[in-house]
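Contents: one structure, followed by commentary.
Treat the numbers as computed from the prediction; the structure is a model and nothing was measured. Every chain is numbered from 1, with letters handed out A, B, ... down the list of sequences.
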Amino acid sequence: MSIYDTLNNKQREAVQQVDGPLLLLAGAGSGKTKTIVYRICYLMEHECVQPYNILAITFTNKAAGEMKERVANLVGVGSPVWVSTFHSLCVRILRRHIELLGYDPGFTIYDADDQKSLMKNIIKRLDIDTKMFKEKTLLGAISNAKEKLVDVNEYELSVRGDRYRGVCARAYREYQDTLVKNCAVDFDDLIFLCVKLFKEHPEVLDMYQERFKFIMVDEYQDTNYAQFELVRLLADRYRNLCVVGDDDQSIYAFRGADIRNILNFEVHYPEAKVIKLEQNYRSTGNILNAANGVIANNETRKDKALWTDREDGKKIRFSRLDSAYDEADFVVEDILRTKRENGLNYSDFAILYRTNAQSRVFEEMFVRDGVPYNLVAGTAFYDRQEIRDMMAYLKAVANPNDEISLRRIINVPKRGIGQASLSKVEDYAELHDISLFEAFKNAGDIMGLGKTAAKILQFSFFMERLRGLSEMVGVDELLKTLIDECEYEEYLKENFEDKYEDKIQNVYELVAKAQQYSENEEPSLLGFLEDVSLVSGSDSDEYGEDRVTLLTVHSAKGLEFKNVYLCGMEEGIFPGNMTIDSDEPDGMEEERRLAYVAITRAMDRLVITCAKSRQIRGQSNFFPVSRFVREIPEEYLESKLPRGYRDSAEEFVKQDLRKKVSFVKSVPPTAPFIAKQTRDLNMLMGIKKGGDIKAKPDYNVGDRVKHIKFGVGTVLDIVDDERDYKITVDFDSVGNKVVYAAFAKLQKV
DNA sequence: TTTTACTTCGTTTTT
DNA sequence: CGAAGTAAAA
């Protein structure tokens with residue numbers, strides 16, 4: 001009896017298929033990780049592959065850690081197989097060779113927050129119109145470019161007179177120049193620069209191709225073009241590349257993941273073997289069938305169907321409540337009852353929702369009823385202000401060129417160095433072509449600083465001292481000295497009256513983490529910073545306690561729970577209005593995959609809820625039931641959906657609008673349409689909590705205006721209707737339409 | 001320089 | 001409705 005006997009036929013086939021490219025399509029809950037782990041072991045045991053010739057790439061540290069542990073358990077402790085995330089793999093390679101690209105090997109990694117600050121500075125420096133361009137947009141454009149391996153020069157060439165993209169190009173150049181000056185790289189750079197390194201220095205690539213004779217990539221459906229290219233280069237010599245993924249679980253396209261990487265794998269590698277893992281070991285038949293029913297509505301997908309030999313189990317419970325409040329109440333009650341009746345733990349339950357904002361109501365209820373819960377939230381440990389402050393100090397100590405971190409801490413705690421003084425120092429630095437920190441050291445020579453010069457000097461001495469210290473002591477000691485000498489605790493006490501205790505505690509938690517890190521074989525400040533930068537908040541291990549888990553569907557990927565509550569299943573929330581309004585269908589398919597991921601998290605029981613009306617941004621709106629609920633075949637539901645699944649208010653909405661809005665006639669009342677009409681009616685009837693004042697349009701009869709769907713047209717008439725201004729527009733493309741000002745949001749052109 | 005009052009603007013986010 | 005960011009006052 002060998003360990004491989006515990007695999008099913010398909011899994012075993014995948015494990016033993018070691019030569020050449022292999023596409024492993026692994027459905028949800030099909031034993032994917034087990035298969036990868038066993039395959040690694042099989043390579044070593046049966047194919048005599050040296051562990052250091054194997055590379056396994058994952059997306060999260062959590063997945064990497066789990067894989068490492070399971071391999072170690074199978075073959076004995078500490079195997080030298082490289083199991084790492086894309087990003088940490090690239091950092092390791094870049095630390096060794098980045099000098100070839102003209103960077104300092106002690107580079108800092110900028111996270112999303114650093115990027116934002118940097119972009120803000122650039123917008124100011126380049127005097128970019130903040131009405132037209134927000135840092136988020138520009139960073140998005142840059143990130144997009146880097147994900148597609150488009151460098152600054154290529155980007156500039158591609159602009160071709162487009163004014164909008166021209167601004168992006170200017171921002172991209174300035175952004176990249178500043179990164180180099182600051183000795184810093186962003187997340188996208190890690191991949192981008194690694195590919196660049198391989199392309200420009202074949203001798204380096206050669207070395208890694210020889211080293212990584214067998215490569216495996218997990219969650220392949222989430223790779224972007226840069227990652228695809230990185231893998232392609234590394235695997236190009238031996239072509240022993242095994243990619244594992246599920247196109248139906250691709251939910252990160254909005255971040256650049258390119259589903260075509262997995263869909264076209266056989267095109268890139270014609271000799272590839274394809275193995276499908278379709279047996280699901282997680283969910284009951286009803287849950288699985290429901291998921292299959294929903295995902296079947298997607299056009300662009302690999303043909304496959306999950307099956308299970310588990311029992312049918314409980315049917316899916318669907319309940320539509322009046323409000324978000326009632327929904328939360330219902331869910332909490334249902335959890336408590338189910339837990340009691342079946343002798344379950346709190347940790348057997350999870351609440352899934354589309355957006356983080358939806359967690360609040362549930363939290364309130366849990367607090368009210370004293371139910372222990374764990375919120376997998378956006379604001380993770382390392383995103384906390386006080387932690388970011390400390391990290392900025394450490395970053396600035398490690399890399400004096402890191403302006404972003406320096407600016408963050410120059411006046412934290414308050415030293416009386418404000419914007420005005422900082423600007424003077426910046427001008428001086430620019431004039432003399434020196435770094436910000438060098439300028440700090442020359443503060444005495446800068447005109448007009450007055451008394452602040454001494455303060456700046458003092459700060460620079462302090463940083464120098466920490467820098468010296470960092471070479472003598474561990475990160476934990478360094479942190480303690482830092483906290484002590486800049487009187488950070490006192491600063492927190494003075495500035496955050498009721499929250500300072502938490503913050504101080506967090507700071508000492510960081511010290512504890514630093515202590516823990518210092519026990520590594522080769523601790524270094526750089527290493528600690530790296531560890532922190534590349535670890536996301538959501539995979540910090542806060543498990544152990546018996547709690548209900550609250551999380552977004554995105555962060556639920558890869559997890560499973562006995563009981564899943566999928567909440568807020570409303571047309572307009574999930575799928576969101578953004579997706580419904582968009583006219584390209586890819587977004588809706590991704591949204592549907594997200595629904596599929598959500599459903600397949602459930603092992604034994606799935607409860608779906610939604611609210612008829614919920615407050616969005618302070619105003620209450622009606623919502624129809626999500627199309628994804630309606631796509632579940634009724635036989636898997638506990639009870640049939642109410643006929644028409646629309647309540648009278650919505651029926652009214654529909655009829656009312658048929659009379660009022662002319663274009664209603666020609667369009668069949670599909671779900672997204674009704675969602676739209678619902679929103680429209682909310683506007684009309686003024687179903688708003690807050691003071692509802694209709695805004696007078698900023699255009700007049702005769703003006704040219706732009707509509708999001710209909711394009712440009714001329715305003716023919718403006719009528720001051722009861723609730724809103726009724727606008728008649730002659731659109732160039734579709735002719736006369738009557739629209740409501742608040743809803744149509746016409747832009748004067 | 002720092003505090004305060006007022007506007008603006010809102011998905012999802014593995015690293 | 002709130003967070004977060006900006007403009008005027010202390």
Inset, instruction - With P as the reference atom in both, quote the distance from dA4(C) to dT13(B) in angstrom, rounded to an integer. - result: 16 Å

Inset, instruction - When you get a sec, tell me which of dT12(B), dT2(B), dG2(C) is the closest nucleotide to the side chain of Arg360(A)? - result: dG2(C)

Inset, instruction - Look at the side chain of Arg255(A) and decide which nucleotide, out of dT13(B), dT1(B), dT12(B), has an atom nearest to it. - result: dT13(B)

Legend entry - Listed nucleotide nearest any side-chain atom of Met578(A), set dT11(B), dT14(B), dT12(B): dT11(B)

Legend entry - Heavy atoms from other residues, nucleotides or ligands near CD of Glu363(A) exceed 12 (cutoff 6.0 Å): yes

Inset, instruction - Select base, sugar-phosphate, or nothing to describe what Lys120(A) touches, counting heavy atoms under 4.0 Å on all strands. - result: sugar-phosphate

Legend entry - Toward the 5' end of DNA chain B, by each residue's nearest nucleotide, Leu422(A) or Gly576(A): Leu422(A)

Inset, instruction - Would you mind classifying the nucleic acid contact of Ala357(A) as base, sugar-phosphate or nothing, using non-hydrogen atoms under 4.0 angstrom? - result: nothing

Inset, instruction - Would you tell me whether Tyr110(A) and Asn182(A) have side-chain atoms, one donor and one acceptor, within less than 3.5 Å of each other? - result: yes

Legend entry - Donor-acceptor side-chain pairing of Tyr252(A) and Gln221(A) below 3.5 angstrom: no

Legend entry - Intra- and inter-strand pairs of DNA chain B in dot-bracket (Watson-Crick or G-U wobble, both distances under 3.5 Å; | for another strand): ||||||||||.....

Inset, instruction - Can you establish whether the number of heavy atoms outside Arg260(A) located under 6.0 Å from its atom CZ is more than 12? - result: no

Legend entry - Proximity to the side chain of Thr355(A) - top-ranked nucleotide from dT2(B), dT11(B), dG5(C): dT11(B)

Inset, instruction - Looking at every strand, decide which applies to Phe86(A) at a 4.0 Å heavy-atom threshold: base, sugar-phosphate, or nothing. - result: nothing

Legend entry - Centroid distance under 5.5 Å and plane angle under 30°, Phe254(A) vs dT12(B): yes

Inset, instruction - Kindly point out which of dG10(B), dT1(B), dT13(B) is positioned nearest to the side chain of Lys134(A)? - result: dG10(B)

Inset, instruction - Find which nucleotide of DNA chain B each of Ser421(A) and Leu594(A) is nearest to by heavy atoms, and output the residue with the more 5' nucleotide. - result: Ser421(A)

Legend entry - Side chain of His554(A) (C-beta onward), nearest among dT14(B), dT12(B), dG5(C): dT12(B)

Legend entry - Side-chain H-bond candidate by donor/acceptor type, Ser117(A) with Asp114(A), under 3.5 Å: no

Inset, instruction - Select base, sugar-phosphate, or nothing to describe what Lys131(A) touches, counting heavy atoms under 4.0 Å on all strands. - result: nothing

Inset, instruction - Counting heavy atoms from C-beta on, name the nucleotide in dT13(B), dT11(B), dT14(B) closest to the side chain of Phe59(A). - result: dT14(B)

Inset, instruction - Could you tell me whether Glu590(A) contacts a base, only the sugar-phosphate backbone, or nothing, with contacts defined as non-hydrogen atoms closer than 4.0 Å? - result: nothing

Legend entry - N or O in side chain of Asn495(A) less than 4.0 angstrom from dT2(B) OP1/OP2: no

Legend entry - Lys557(A) side chain near dT12(B) phosphate (N/O to OP1/OP2, under 4.0 Å): no

Inset, instruction - Answer with base, sugar-phosphate or nothing: what part of the nucleic acid does Asn411(A) contact at a heavy-atom distance below 4.0 Å? - result: sugar-phosphate

Legend entry - Exam field: side chain Glu591(A) to backbone Gly576(A), donor-acceptor pair closer than 3.5 Å: yes

Legend entry - Candidates dT14(B), dT11(B), dT1(B) - which lies nearest the side chain of Thr452(A): dT1(B)

Inset, instruction - Identify whether any heavy atom of Gly416(A) sits under 4.0 Å from a base atom; if not, whether one sits that close to sugar-phosphate; answer base, sugar-phosphate or nothing. - result: sugar-phosphate

Inset, instruction - Indicate whether OP1 or OP2 belonging to dT13(B) is found under 4.0 Å from a side-chain N or O atom of Thr552(A). - result: yes

Inset, instruction - Could you tell me whether Thr58(A) contacts a base, only the sugar-phosphate backbone, or nothing, with contacts defined as non-hydrogen atoms closer than 4.0 Å? - result: nothing

Legend entry - Check: Thr355(A)/Gln358(A) side-chain N/O donor and acceptor closer than 3.5 Å: yes

Legend entry - Neighbour count above 12 (heavy atom, 6.0 Å) for Tyr491(A) OH: yes

